[in-house]
Amino acid sequence: MNGFAYLRPGTVQEAVEAYSAHPGARYLAGGTNLVDLLKLGVEHPTVLIDVGRLPLDTVEDLPDGSLRVGATVRNSDLAADPRVRDRYPALSQSLLAGASGQLRNAATTGGNLLQRTRCPYFQDLGKPCNKRAPGTGCGAREGVHRDHAVLGHSAGCIATNPSDMAVALAALDAQIELYGSEGTRRLAVTDFHRLPGEHPERDTWIRPGELITAVLLPATTAGAPSAYRKARDRASYAFALASVAVVLRVEDGIVDQVGVAFGGLAHRPWRARHTELALLGAPATPAAFEGAIALELAHAEPLRDNAYKVPLARNLALDVLGRLAPTPAGV
Ligand code: SF4
């Protein structure tokens with residue numbers, strides 16, 4: 001591992017200033033992904049700016065009925081927060097489906113959103129990888145890619161985003177609050193992660209030096225029935241082969257509110273807009289669910305060894321939609 005300096009600023013402002021003053025700096029919070037990448041030689045910062053102890057570790061009710069989650073709230077604390085469990089169950093379930101208990105105790109909300117793909121070629125300095133070393137090629141495309149993307153991939157990269165939490169946040173219409181040299185701004189979670197295109201080295205639309213300060217969970221999805229389901233190779237401590245987060249409110253048998261996002265299928269949480277458009281105002285029936293999911297997954301472009309993800313994602317989504325839909329009277 002290369003040597004680096006270590007700074008621990010006391011405020012968000014100081015952290016952002018320190019980043020601008022030190023080319024090659026990286027923010028460090030829980031360190032559950034970054035420290036691995038340092039040891040592997042994938043990341044080699046000149047300075048680590050420790051933001052893990054900034055006063056961003058609270059979950060607050062806002063007057064408009066939304067919930068503001070500070071960026072350094074630990075994944076385990078967020079999953080256990082009674083307001084999250086009660087109003088946004090998909091978020092709590094997604095957090096508990098991620099990593100291990102020990103990692104969830106250390107990992108932060110902001111860090112979870114910024115974690116990098118676990119593509120094995122990305123983590124191996126001896127292999128070609130356009131994300132780690134632009135222009136070297138994509139080892140996974142003709143190599144081992146059973147876990148890789150079926151939606152939105154490019155010739156240059158077929159990696160998937162590893163976060164469970166981000167999938168639930170996408171379905172719940174959450175926003176991300178960022179602070180940088182130009183002040184504060186907000187981005188929808190669905191607009192935060194990028195598709196790989198010709199620049200797979202860029203995972204998100206975050207600007208250089210910007211710091212995630214909070215995640216905002218809106219009032220519009222508070223209390224709506226929601227759930228998260230994940231398929232993986234082991235019962236715990238494994239990334240999603242496919243996953244789905246669903247928000248579904250049904251009134252008199254008709255879909256009144258719907259949000260569907262897939263994980264494990266793409267370079268970003270995949271909000272299923274085709275599915276949602278088809279379902280909004282439609283009867284909440286198994287046939288409608290099946291047709292709406294098929295519309296979305298018709299856009300899948302599986303690779304040699306990962307076509308199984310398409311029926312897997314379909315079945316996960318049908319299961320969760322079916323469980324959230326109220327049983328018709330008399331059934
Ligand atoms: Fe690198 Fe992306 Fe290809 Fe993996 S899929 S080897 S991360 S370019």
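Order of appearance sets the numbers: ligands from 1, and atoms from 1 within every ligand.
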For Asn130, the ligand 1 atoms with a heavy-atom partner under 4.0 Å come out as 1 (Fe), 8 (S)
For Gly156, the atoms of ligand 1 under 4.0 Å from one of its heavy atoms are 8 (S)
Apply side-chain hydrogen bond (donor to acceptor under 3.5 Å, both in side chains) to Tyr19 and Glu210, showing your working. CA-CA 9 Å; Tyr19 191 103; Glu210 269 186 327; over 6 Å; no
For Gly139, the atoms of ligand 1 under 4.0 Å from one of its heavy atoms are 6 (S)
Between the CG atom in Leu303 and the NE2 atom in His145, the distance rounded to the nearest 0.5 Å is 5.0 Å
* Asked: Do any of the N, O or S atoms of Cys119 sit under 2.8 Å from atom 1 (Fe) of ligand 1?
  -> no
Residue, atom and distance of the protein heavy atom nearest atom 1 (Fe) of ligand 1 read Cys129 SG, 2.3 Å
| Counting N and O atoms only, with roles assigned by atom type, does the side chain of Tyr88 sit under 3.5 Å from a partner on the main chain of Leu217, one being a donor and the other an acceptor? | yes
Flag the pair Arg271 and Asp173 as a salt bridge only when some basic side-chain nitrogen lies within less than 4.0 angstrom of an acidic carboxylate oxygen. yes
From the list Glu251, Arg249, Glu276, side chain to side chain donor-acceptor pair (under 3.5 Å) partner of Gln257 resolves to Arg249
shortest atom 6 (S) of ligand 1-to-protein heavy-atom contact is with Tyr121 CB, 3.3 Å
Would you say Pro200 contacts ligand 1, with heavy atoms under 4.0 Å as the rule?
no
Are Phe289 and Phe262 connected into the same hydrophobic cluster when the rule is that any two of I, L, V, M, F, W, Y join if their side-chain heavy atoms are below 4.5 Å apart? yes
Among non-hydrogen protein atoms, atom 3 (Fe) of ligand 1 lies closest to Cys138 SG, 2.3 Å
| query | Just wondering, do Leu96 and Arg104 contact through their side chains at under 4.5 Å, heavy atoms? | reply | yes
Taking only non-hydrogen atoms of Cys157 and a 4.0 Å limit, the atoms of ligand 1 in range are 2 (Fe), 5 (S), 8 (S)
